[in-house]
Amino acid sequence: MSLDIVILAAGQGTRMRSALPKVLHPVAGNSMLGHVIHSARQLSPQSIQVVIGHGAERVRQQLAADDLNFVLQDKQLGTGHAVAQAVPMLSADTVLILYGDVPLIEVETLERLLTLVNDQQLGLLTVNLDDPTGYGRIVRDAEHRVSAIVEHKDATDAQKAIKEGNTGILAVPGKRLAEWLGRLSNNNAQGEYYLTDVIAMAVNDGLTVATAQPLDAMEVQGANDRKQLSELERHYQLRTAHRLMAQGVTLRDPARFDVRGEVIVGRDVTIDVNVILEGRVVIEDGVSIGPHCVIKDSTLRKGAIIKASSHLEGAIVGESADAGPFARLRPGSVLGAHAHVGNFVELKNAEMGEGAKAGHLTYLGDAVIGARTNIGAGTITCNYDGANKHKTVLGKDVFIGSNNSLVAPVDILDGASTAAGSTITQNVAAEQLAVARARQRNIDGWKRPVKIKK
Ligand code: UD1
Ligand code: CA
């Protein structure tokens, strides 16, 4: 069975009160439309048509991809009109309609819906609601067969009492769609071309309408305002938290944990409260992450420990290495196995060898640091001359005293030491001690200045 997917994303979203088109508002770091496209792709359709209108250029720009076709709906004349704009592009056996502002729909639910559709049958996703106000109602005949959908604003009181609502998500035989859409009229309470009128047309043409329900009603919940957006966000985050727990992660509080991207986890990982994971984060077995950490596009190898309030981006933390509290690992930071980076240490494009240490208040940029080398507190690599970046290379078992300025380019070879307070501007050979600071003078009988009386 071949499949075309049409995603409706032309609406304005007035209630967002935003310059950003509604479907670009993010849930878990990805736009709502981005989530829908992600799910759509997993169904391997022959095409994905995105119907855009409000903020069309911005939507197209942000989401452009080879496998997407954008169709412009100039005026938003209704959901039926929106789908009709895509019709010239459709050729598959089945057309599935999704919505750019309904981001949490599960692939598994859509797969179930798609099993229902064939030449003689439509698949319709419905949801039972305590309060179906605003939803189209599913009208069934005496044999409980779906006969029509009536929009809330067009419904009689008896129809308004129906609790089964239309999610809008629908799978139809592609061959019939163009003809049904061509027959739509806007003679209704809202003066719109309703996609939902296709249901009664199909039934009149002798087809049946089979229904499926989502496992969780939040899957079909749209976001019309920022309150609803935040509800989708929380639901998504809780769902992700539960999935990670099922994979062997201890979350101190699943309600205080956020994933904005993709996380790959091992077993016996422990994550304390208020941790945010962004981009692609790989966390191997036995890793522990302290509270209030932000970790983006990074890999934490077995047994690594990230202590409270650390910020990592584009970093690799080696086996049993540790960082923090208050460590900042910027892109290109690599900690070897058992390396240690303590509080207020910033790394950028810097590699620490196995067991190397930088315990306190240090900046290491564009640096390679050998195994077991120790960097004293307050050390800075002066990697930037105002125009270009230069490299600092430290060998194995080097000892850098406290409060050193290492003026790059500079090499300090295996086993060398530098004295505290040194400004190192020349290379240091293996096993040498470099002292590069003013010699101390002690002055006897020093008289302190006295305050002049006015
Ligand atoms: C629609 C359904 C209703 C269903 C409800 C679920 C119709 C006529 N009604 O109603 O049965 O219960 O969704 O939320 O389909 N859109 C366009 N172009 C348009 C009109 C809409 O792209 O011309 C998009 C909107 O951006 C939105 C979606 O289609 O994402 C739904 O449109 P909306 O006007 O919100 O439909 P509802 O009145 O909610
Ligand atoms: Ca709606």
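All values below were derived from every heavy atom in this structure, side-chain atoms included, with hydrogens, water molecules and symmetry-related copies excluded. Atoms within a ligand are numbered from 1 in the order they appear, just like the ligands themselves.
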Heavy-atom distances under 4.0 Å decide this one: backbone, side chain, both or neither, for [X] against ligand 1?
X	result
E151	side chain
Y135	both
T167	backbone
A10	both

Which ligand 1 atoms are under 4.0 Å away from a heavy-atom of [X]?
X	result
G11	22 (O), 26 (O)
G136	3 (C), 4 (C), 11 (O), 12 (O)
Q76	18 (N), 19 (C), 23 (O)
Y194	8 (C)
N166	2 (C), 3 (C), 4 (C), 5 (C), 6 (C), 11 (O), 12 (O)
D101	27 (C), 30 (O)
Y99	28 (C), 29 (O)
T79	7 (C), 8 (C), 15 (O), 20 (C), 21 (C), 29 (O), 31 (C), 32 (O)

Tell me, do [X] and [Y] make a side-chain contact under 4.5 Å, heavy atoms counted?
X	Y	value
L33	Q62	no
M218	R239	no
L72	F70	no
V220	T109	no

Handout entry: Short side-chain donor-acceptor distance under 3.5 Å, H235 and E231
Key =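 The answer is no; no qualifying pair exists.
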
Handout entry: Check: N224/K22 side-chain N/O donor and acceptor closer than 3.5 Å
Key =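 On atom types as modelled, these side chains qualify, holding a pair under 3.5 Å.
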
Near [X] [atom1], under 6.0 Å, is it more than 12 heavy atoms from other residues, nucleotides or ligands?
X	atom1	result
D141	CG	yes
R183	CZ	yes
R234	CZ	yes

Practice task
Please report the C-alpha distance between R301 and E319 in whole Å, then the side-chain angles of each, then the deciding distance to 0.1 Å, and finally whether the salt bridge (Lys or Arg N to Asp or Glu O under 4.0 Å) criterion is met.
Solution key: CA-CA 5 Å; R301 301 243 185 266; E319 245 182 84; over 6 Å; no

Any N/O pair [X]/ligand 1 closer than 3.5 Å:
X	value
I149	no
G100	no
Q190	no
L195	no

Contact between [X] and ligand 1, counting heavy atoms under 4.0 Å?
X	value
H81	no
G78	yes
V51	no

Handout entry: Pairwise distance OG1(T94) to CG(L122) - rounded to 0.5 angstrom
Key =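 Answer for the OG1-CG pair, T94 versus L122, is 9.5 Å.
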
Handout entry: Interatomic spacing from CZ in R330 to NZ in K296 - rounded to 0.5 Å
Key =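 Going from CZ on R330 over to NZ on K296, the span is 13.0 Å.
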
Handout entry: Nearest-option assignment for atom 17 (C) of ligand 1, heavy atoms, candidates Q73, R137, K153, K22
Key =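 Comparing heavy atoms across Q73, R137, K153, K22, the nearest one to atom 17 (C) of ligand 1 lies in Q73.
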
